[in-house]
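Working notes, structure below.
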Amino acid sequence: MGMFAKARPEDAARVLPNHIGVIMDGNGRWAKKRGLPRRMGHSKGAKTFKEICRYCNKIGIKYLTAYAFSTENWKRPQEEVDAIMELLKEYLQDAHNYKDENIKTRFIGDRSALSDELVRLMEDAERESAGATGMTLNIAINYGGRDEIVRAARSLAEQVKNGRLQPGDIDEAMLSSQMYTAGQDDPDLIIRPSGEYRTSNFLLWQSAYAEYIFMDILWPDFTPRQLERALAEYAGRNRRFGGV
Ligand code: FPP
């Protein structure tokens, strides 16, 4: 990993986020700029994704959540949806190659609309990495923050209906425990490249206190160096505003 491979003296002191969220945006524009089909942008984006996962794990990030496919992305041309699903499939079929990275892989989102084959590969990857002690990687597929909150509300309403819960017992911790990320730290840093300034339904509940960093670079061009820039800005914000 070139220049970031060595531990630097300042690493020990720096303020690292526990949980990073990343919106992998700009794949289509990256391809368009080069006169390539959009799927080539997603393909390069998938490479970037793997590199960033490896890097985050190496520097000791505990949780990384990557937005791969939103509940709104079904509106794209079928060909593009198929290409993204195919990339996910290929990644999961390769998952055994990443075993020595010791990353615990989880999927967040509504699986009911995904192909049986993809769901089976997702379950295999979760099962096979369940004992990993390194970073936890959440891959968001058919994920929507509002959809997640609706599901949580339904599940709690069901428990109230069955008499197992009183409405007054519902609190923030209980809502959190109904989210796909139950038991994990909330994201403290969310990075959105590609020059768009939106949160796009990503981790709505969990991002209440997250720092957002918007960057003017397309996801396929994103490298560990850009991640380091975001981490430096995050550390700077924390030094100014964070109390002990
Ligand atoms: C947004 O860019 C990106 C997506 C909708 C797909 C992201 C998916 C990947 C990076 C591949 C996933 C694969 C793995 C292995 C996790 P955009 O298409 O909206 O870009 P644009 O705004 O420039 O059109």
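Remember, it's 1-based here, ligands and their atoms both numbered in the order they're listed. The first residue of the sequence shown is numbered 1, and numbering continues consecutively from there.
Contact annotation: for Lys50 versus ligand 1, there are no heavy atoms closer than 4.0 Å. Using a 4.0 Å cut-off between heavy atoms, Asn73 contacts ligand 1 through its side chain alone, with no backbone atom that close.
Using a cutoff of 4.0 Å between basic side-chain nitrogens and carboxylate oxygens, Glu86 and Lys89 are scored as salt-bridged.
Within the structure, ligand 1 has Gly26 among the residues with a heavy atom less than 4.0 angstrom away. By the 4.0 Å heavy-atom criterion, Arg38 is counted among the residues contacting ligand 1. For Lys32, the closest heavy-atom approach to ligand 1 does not fall below 4.0 Å.
The residue from Leu121, Asp124, Leu87 that alone fulfils the side-chain contact (heavy atoms from CB on, under 4.5 Å) condition with Leu92 is Leu121.
Taking the six-membered ring where tryptophan is involved, the planes of Phe49 and Tyr91 are perpendicular, since the angle between them exceeds 60° and thus also 30°. By the 30° and 60° cut-offs, the orientation of the rings of Phe202 relative to Tyr143 is perpendicular.
Atom 22 (O) of ligand 1 has its closest protein heavy atom at Arg29 NH2, 2.9 Å. Of all protein heavy atoms, the one lying nearest to atom 8 (C) of ligand 1 is Ala68 O, 3.5 Å.
For ligand 1, the atoms lying closer than 4.0 Å to a non-hydrogen atom of Gly45 are 10 (C). Within ligand 1, counting atoms from 1 as listed, the ones closer than 4.0 Å to a heavy atom of Leu88 are 13 (C), 14 (C), 16 (C).
In terms of N/O distances under 3.5 Å, ligand 1 is approached by Gly28. Polar contact with ligand 1: absent for Tyr91 (N/O pair, distance under 3.5 Å).
Counting all heavy atoms, side chain and backbone alike, Asn57 lies closest to Met135 at OD1-N, 3.0 Å.
In this structure a side-chain-to-backbone donor-acceptor pair under 3.5 Å is present from Ser115 to Leu118.
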For salt bridge (charged side-chain N to carboxylate O under 4.0 Å, His left out), just list the numbers for Arg39 and Glu80, CA-CA rounded to whole Å, side-chain angles, deciding distance to a tenth of an Å, and then say yes or no.
CA-CA 6 Å; Arg39 67 181 154 73; Glu80 184 174 347; over 6 Å; no
